[in-house]
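Note on naming: letters A, B, ... go to the chains in the order of the sequence lines (proteins, then strands), and numbering restarts at 1 for each one. Keep in mind it's a predicted model, so treat the numbers as computed, not measured.
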Amino acid sequence: MAGRSMSEYIYDPYTTVHTKLAELVAEKTGEDPQFVSWLITVPPRKEYGDLSLPLMRFARKTGVKPDELYREITEAINKSGLDVSEVSLEGGYMNLKLDVPRMAEKLAGLIRKGWSVSLPRIDKPRRIVVEHTSANPIHPLHMGHARNTSIGDTLARLLRARGHIINTRFYIDDVGKQVAIAAYGFKILGVDPLSESRKLGMKPDHFVGWVYATTFSSIEAVDLKKQLNDAGNDEERSRLQEKLDGIMAALASLKERDPGSYFDKIFEHVTATHDNEAEIQRIMVRYEKGEEPEKSLIRGVVDAALEGFRESLSRIGVVFDDWDWESELVWSSRVGKIIQEAKNSRYYIKYKEADAIDIPKIIKELLQTDEEARKKIKLPRGWEIPPLILVRSDGTTLYTTRDMAYTLYKFEAFNADEVINVIGADQRLAQLQLRLALLGLGYRKEALNLIHYDYEMVRLPGIRMSGRRGRFVDMDSILDSLKIRAEEEVRKRNPDADAAWIGRVSEQIAVGALRFTLIRTSAPRPVVFDPEKVLNLEENTGPYLQYTHARACGIMKKHGSIDFESINYEACNESRRRNLLLMTMRYPMVAAKAADDMAPEDLATYLLKLADEFNSWYQVDPVIREPDVGARECKALIVDYFRQTMKHGLELLGVPAPERM
RNA sequence: GGACCCGUAGCUCAGCCAGGACAGAGCGCCGGCCUCCUAAGCCGGUGGUCGGGGGUUCAAAUCCCCCCGGGUCCGCCA
């Protein structure tokens, strides 16, 4: 028995029919079962049946006539004993009607044995690293990060539920210039970021964010004033003046939000310093070498920001398996090793007098003949990609160089088959360069199994978010407003409930509203985030699903446990019940496909439709007041299965599922 | 200038990868439904040159080409 699974995995009745049908058709047509499974659809009209197969499609490929195929498949279905009650041929489609009462009976049998909803497990599980969020530790998480986090965490949940072995990681970008700027600000203030923010009663990442924005904007203001003095023509002057006005306005707003009396200290210091840039440069260079006191200074800032991140993340149900420090990669010579390998490589060149990798040559030599690599690397046709510079003239490393080392580290640390980077679409070129560079250095497996899961930005209706100016809608305050809005509603509906319960449920609703809204739009399209509109908790929102789930829970609570012996399964055939049950039973297949396609939005769309189906049924077919015992218990079974399914789906999306709200 | 992504109802979005059975939801707007399992709900109505044009096909929102509009990227930034 060793090495083999202890028991055959038990599929729900619907998955069984769907899967077996796909296999059977695949056998008859010589197609791939997976492909056939995609083509099995739900007919647009109920009269046509429950499942349908586009026979013309298979006929075209195999040369067998549709009615011939129809005859063969029908025969095979009859022999197989699938829960199919009727088949028909209409307009080139083979339509199947399922034996729902029999499926319901099987389902009840499973539930009685303690079986619960789950996804069909993938045949060959992979070890997958999902890196997501990885926000710069210099300001609070804003809505852009929230989308990244929601996508990343949901992907991890989906893939895990499908049977893959998942490792989630957060990349701490502590080596770059931006962190050095924040550190410079704290150096001027001479305070410890974490303890100072505690003293202020402020979330540490918010404090860091304020100091960073103030420092950065002050420096920029000083620089611009200098440029303005040197500017030649009027056109140049007015352009600079306009830019300066913008920064001064941002500074005024930052001063207004001064959490203590820090503003003047930073601003005056920066103004009085001859060369702020050199100061920052010094911090950066010394940190890359791991020298004190810069090391403690930067770590202090970053630790404070991360502390704030963890608070926000745990609020929306996100935890990471590992936190990786970029600096560790530099200090541990992993980055140095990559640079050395590059120098020894046939793709090493000097570009603009710096050490670089000849990306065009890699494309020319390695992608022309290697069909698989071409496909997986996803190189756009006419894209000219410049060589990749590895090291600055001052000897410090560049982001992409460090990312090469990090990519290899992720594969190695988890012994991963695949690494998914959830990163914005604006980083496409960089991510492509990364894959090509790794390919050039001989890391073919890593290059081909590094997936850039890209998503478009979150925009606000009027303004453009800018961490540098301290202008963004941060996740914490969005959650706070959502919670306040939810509280009104919960209190209204539960006047006797105690405050603690109201607070808990409202928090769950806030989290659900936020995560759902960020996951339901497919990744490649931009999300326009209107804080006002998210406060609407009606249909097509997370709270709508939560509410529907809570309704089902309410019914089951009143009904009590199901009397399985009394169930009349034929009662499932009543049209609306049948629709609801069937749609509910489709869940495992839908969720599995969403996982395989890495398309969480498909699950979101399905759950909305499922909730609609439940709500319209709910309105007309009462459970508790049903006089006929057989029908009542049948309905209770449907409600209970729906409740279980919805809860499972919501959990995959990271939307909490309160039982009352 | 080049490349990539997006463009479906007034608004927010499914459907496109794997072409086929009347182009779907929600919001909004109009009209109904709480002595009855939570009205964050339900029922009905309103609303669409699927950005435009060509092509492939028996069949195109879906595939190919061109164009238009919006976004993004082309750093010794990250």
* Would you please classify the geometry between the Tyr212(A) ring and the Phe216(A) ring as parallel, tilted or perpendicular, with 30° and 60° separating the classes? => parallel
* Asked: What nucleic acid atoms does Asp355(A) come within less than 4.0 Å of, heavy atoms only: base, sugar-phosphate, or nothing?
  -> nothing
* Structure fact -> Against the side chain of Pro380(A), the closest entry in A14(B), A18(B), C4(B) is C4(B)
* Would you classify Tyr48(A) as touching base, sugar-phosphate or nothing, given that sugar-phosphate means primed atoms plus P, OP1 and OP2, and contacts are heavy atoms under 4.0 Å? => base
* Looking at the side chain of Glu353(A), which of C76(B), C6(B), A18(B) is the nearest nucleotide? -> C76(B)
* Asked: Within the modelled atom types, does a donor on one side and an acceptor on the other bring the side chain of Ser52(A) and the base of A21(B) under 3.5 Å apart?
  -> yes
* **Integer-rounded Å distance: C22(B) C1' and Glu47(A) CD** => 11 Å
* To do: Examine A25(B): is either OP1 or OP2 under 4.0 Å from a nitrogen or oxygen in the side chain of Arg520(A)? Give yes or no.
  => no
* Asked: With distance as the sole test, does His559(A) use its side chain to make a donor-acceptor pair with the main-chain N or O of Val623(A) at under 3.5 Å?
  -> no
* Base, sugar-phosphate alone, or nothing: which one does Pro622(A) contact when heavy atoms must sit under 4.0 Å apart? -> base
* Is Ser393(A) side chain donor-acceptor paired with the C76(B) base, going by distance under 3.5 Å alone? -> yes
* Examine G75(B): is either OP1 or OP2 under 4.0 Å from a nitrogen or oxygen in the side chain of Arg392(A)? Give yes or no. => no
* Rounded to whole angstrom units, what separation is found between the CD1 atom of Ile359(A) and the P atom of G75(B)? -> 13 Å
* Asked: With a non-hydrogen cut-off below 4.0 angstrom, is Leu537(A) in contact with a base, only sugar-phosphate, or nothing?
  -> base
* Answer with yes or no after comparing the ring centroid distance for Tyr406(A) and Tyr171(A) against a 6.0 Å cut-off, counting only values under it. => yes
* Asked: Using the ring of each side chain (for Trp, its six-membered ring), is Phe642(A) parallel, tilted or perpendicular to Phe614(A), with breaks at 30° and 60°?
  -> parallel
* When we call it a touch if two heavy atoms are under 4.0 Å apart, what does Ala356(A) touch: a base, just sugar-phosphate, or nothing? -> nothing
